[in-house]
Amino acid sequence: MTGPAIERDARLPERGPLPERGLGLALEILEQVARHDHGTTAADIARAVGAPRATVYRVVNSLVRDEYLVRRADFSGFMLGARVLDLAAVVGAHARPDYAAVVDRLRAETGEAVHLFGFHRAGLMILDEDPAQPLADRDLLLADPARSASGHLWLLAHPERDLPGAPHWRVHPSADELQGIQDAFAVRGYTEQVATLAPDRGCLAVPIHDERSRPLGAVTLSIALARLSVAARHIGALREAAEALARSAPLSRW
């Protein structure tokens with residue numbers, strides 16, 4: 001198989017052993033794909049790593065099957081998959097980025113659970129979960145934007161960042177729900193959820209925008225429902241943190 005057809009063949013061959021160079025070649029391929037934000041083709045990978053195109057395509061198929069790579073929707077190439085993103089999150093937990101200091105200060109200042117989220121076209125990415133007070137229901141939060149204050153901000157933001165393989169919404173709010181979120185944000189300037197993820201907790205969220213006003217994500221404060229009525233006193237601190245986070249280069253590249 002030669003030419004463009006090799007990129008458009010969506011069939012995966014039977015699983016077999018990796019060719020000579022094995023694991024080293026697979027890692028070289030992942031490194032090459034990681035260098036291209038919008039993906040790259042098998043032919044370009046083969047040229048970069050100096051291996052036969054058929055050999056590279058065989059390894060790429062194995063990586064797609066195991067979710068280390070994902071095919072672009074138009075079959076024009078490959079991008080990093082969910083398992084690489086999960087691995088990056090584990091590594092990031094041990095080598096925290098610059099923005100972590102901003103989040104840590106906010107946690108110390110408020111004494112409450114603070115979480116940081118990034119926005120992409122199809123959902124949220126958890127960038128920094130409070131280790132002392134974890135999210136009440138991660139699966140539900142990442143599935144339904146109407147259930148969380150950060151999801152409400154995502155619905156208002158319409159982010160354009162494309163991140164295949166990342167968690168994406170499985171539930172879509174009704175027009176009435178969306179209108180209610182828009183109306184509430186117009187009044188408050190932030191979003192709020194009450195007991196939709198856990199019966200005894202609520203949450204406030206403030207948006208983070210870059211210098212061109214593009215949505216990057218949200219910083220949120222989760223608090224016991226009994227204290228939710230006074231949680232608004234922390235909005236100033238949340239907004240200051242959002243401004244500092246917007247200037248963080250690692251956050252803009254997440």
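- No donor-acceptor distance shorter than 3.5 angstrom exists from the side chain of E109 to the backbone of A237, with no hydrogens or angles considered.
- Both I223 and L225 sit in one connected hydrophobic cluster of ILVMFWY residues. Membership requires side-chain heavy atoms under 4.5 Å apart, directly or through other members.
- Across every non-hydrogen atom of A241 and L106, the tightest pair is CB-CD2, 3.8 Å.
- Rounded to the nearest 0.5 angstrom, L245 CG and E240 CD are separated by 11.5 Å.
- A salt bridge between R107 and D130 is present, with a side-chain N of the basic residue lying under 4.0 Å from a carboxylate O of the acidic one.
- Between P215 and P207, the closest side-chain pair of non-hydrogen atoms is not below 4.5 Å.
- Between the CG atom of D104 and the OH atom of Y99 there is a distance of 11.0 Å, given to the nearest 0.5 Å.
- A salt bridge between R247 and E211 is absent, with no side-chain N of the basic residue lying under 4.0 Å from a carboxylate O of the acidic one.
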Passes side chain to side chain contact (heavy atoms under 4.5 Å, CB included), V219 versus V103? Steps please.
-> CA-CA 8 Å; V219 59; V103 178; 5.6 Å; no
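- For the residue pair L124 and G151, the shortest heavy atom distance occurs at CD1-N, 4.2 Å.
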Any chance you could lay out the side chain to side chain contact (heavy atoms under 4.5 Å, CB included) test for F117 and L141, step after step, and finish with the verdict?
-> CA-CA 11 Å; F117 298 90; L141 183 149; 3.7 Å; yes
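- Residue R188 holds its CZ atom at 9.5 Å from CD1 of I235, rounded to the nearest 0.5 Å.
- Taking CD from E67 and CG from D86, the interatomic distance works out to 9.0 Å, rounded to the nearest 0.5 Å.
- Between V114 and T110 the shortest side-chain heavy-atom distance falls below 4.5 Å.
- Across all their heavy atoms, L204 and E192 have their closest contact at CD2-OE1, 3.5 Å.
- Checking side-chain atoms of W154 against main-chain N and O of H120 turns up a donor-acceptor pair under 3.5 Å.
- Annotation: side chain of V70 is not in contact with side chain of L80 (no heavy-atom distance under 4.5 Å).
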Less than 3.5 Å apart, which donor and acceptor atoms pair up between the side chains of residues 195-202 and the rest of the protein, not counting sequence neighbours?
| from | atom 1 | to | atom 2 | distance (Å) |
| --- | --- | --- | --- | --- |
| T196 | OG1 | R147 | O | 2.5 |
| T196 | OG1 | Q193 | OE1 | 2.8 |
| R201 | NE | S222 | OG | 3.0 |
| R201 | NH2 | S222 | O | 3.0 |
| R201 | NH2 | S222 | OG | 3.4 |

Give the intermediate values and the outcome of side chain to side chain contact (heavy atoms under 4.5 Å, CB included) for residues F78 and V60.
-> CA-CA 8 Å; F78 303 90; V60 165; 3.5 Å; yes
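- Inter-residue side-chain proximity for L156 and Q182 is flagged as met; some heavy-atom pair is nearer than 4.5 Å.
- Taken to the nearest 0.5 Å, the CG atom of L63 stands 10.0 Å off from the CZ atom of R83.
- Contact record, H234 with E112: NE2-CG, 4.3 Å, taken as the closest heavy-atom pair.
- From L135, atom CG reaches atom NE2 of H115 across 4.0 Å, with rounding to the nearest 0.5 Å.
- Across every non-hydrogen atom of I29 and V49, the tightest pair is N-CG1, 4.5 Å.
- Put simply, the side chain of L142 reaches to within 4.5 Å of the side chain of I126, judged on heavy atoms.
- With R71 contributing its side chain and V64 its backbone, the two residues share no donor-acceptor pair below 3.5 Å.
- At least one side-chain heavy atom of F185 sits less than 4.5 Å from a side-chain heavy atom of L153.
- Here R212 does not pair with D210 in a salt bridge; the nearest charged N to carboxylate O distance is not below 4.0 Å.
- Contact detail for G189 and R239: the closest heavy-atom pair is O-NH2, 3.4 Å.
- When side chains are defined from C-beta on, L116 does not count as touching T220, because their heavy atoms never get closer than 4.5 Å.
- Side-chain contact of D176 with S174: a donor-acceptor pair under 3.5 Å is absent, judged by distance alone.
- Put simply, the side chain of F119 does not reach to within 4.5 Å of the side chain of L216, judged on heavy atoms.
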Just do the side chain to side chain contact (heavy atoms under 4.5 Å, CB included) check on L238 and Y190 with the steps written out, would you?
-> CA-CA 10 Å; L238 282 167; Y190 61 90; over 6 Å; no
